[in-house]
Amino acid sequence: MTQDELKALVGQAALRYIQPGTLVGVGTGSTVNKFIDALASMKGQIAGAVSSSVASTERLQAIGIPVFDANEVGELAVYVDGADEIDGGGHMVKGGGAALTREKIVAAQSRQFICIADESKKVQTLGAFPLPVEVIPMASARLVRQFAQMGGRATLRLKDGAPLVTDNGQHILDVTGLKISDPLGFELQVSQWPGVVTVGVFAFQKANVCLLGTAQGVQTLNF
Ligand code: 5RP
């Protein structure tokens, strides 16, 4: 099976966690796009969605699913999102699609995080994928130096030759060279650095379930 087919498989499998009549938290990325495509089959049954990005909002609305502001609704039963890496404890690195801040917000508003990923995302220790960190632009040079002090190499993410601007009007640093063996401690530490909006380690908002697409089918990991 191709990676694209594995993504479609887990996108479809996530439907079994969606209860009719509820609002669904929706993440961002190519795997989530497959989930949104699958969700079209339930659009008359769900109350709507809370989305983590402009891109997902547009995709949901295009298929007729109403999208609500996070402030208009209470707790969500389920949040479905992809990951750039997931370890054996359900801790993740996210933000490859630059949507990490809103993803963490919607995940925090949800009782259950259902991670959908192909098997290439499963790792022993987080850190091989460059860690995305959303930052306030005026702090980026100092934050590059702070990451260097812990052995990381941070670079400003560019788009069309200019700094990428997130949905929140901020910039992204991608940090290589880190081995994140204590995801909770790492998230706690970096989140407190002035100028960090969101660090892409999801340890406090870790996955409760991972639907992992493998050549043998969908493997369900519970954390
Ligand atoms: C976006 C994310 C995505 O969930 C992550 O990048 C995985 O994306 P994809 O499903 O395209 O591999 O965190 O900010």
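Whatever order the structure lists them in is the order used to number ligands and atoms, beginning at 1. Model, not experiment: these values are computed from the prediction.
Sorted by chain and number, the residues within 4.0 Å of ligand 1 by heavy atom are Lys7, Thr28, Gly29, Ser30, Thr31, Asp81, Gly82, Ala83, Asp84, Lys94, Gly95, Gly96, Gly97, Ala98, Ala99, Glu103, Lys121.
With sequence neighbours excluded, the residues satisfying side-chain hydrogen bond (donor to acceptor under 3.5 Å, both in side chains) with Asp87 are His91.
Here the shortest heavy-atom pairing between Ser53 and Ser51 reads O-OG, 2.9 Å.
Within the structure, salt bridge (Lys or Arg N to Asp or Glu O under 4.0 Å) pairs that include any residue of residues 140-162 comprise Arg157-Asp174 (at least two apart or interchain).
Annotation: cation-pi geometry not satisfied between Lys206 and Phe113 (NZ/CZ under 6.0 angstrom from ring centroid, within 45° of ring axis).
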Show me the donor-acceptor pairs within less than 3.5 Å that the side chains of residues 6-22 make with the rest of the protein, sequence neighbours left out.
| unit_1 | atom_1 | unit_2 | atom_2 | d |
| --- | --- | --- | --- | --- |
| Lys7 | NZ | Ser30 | OG | 2.8 |
| Thr22 | OG1 | Gln19 | O | 2.6 |

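Looking at Glu103 and Lys94, a side-chain N of the basic residue comes within less than 4.0 Å of a carboxylate O on the acidic one, giving a salt bridge.
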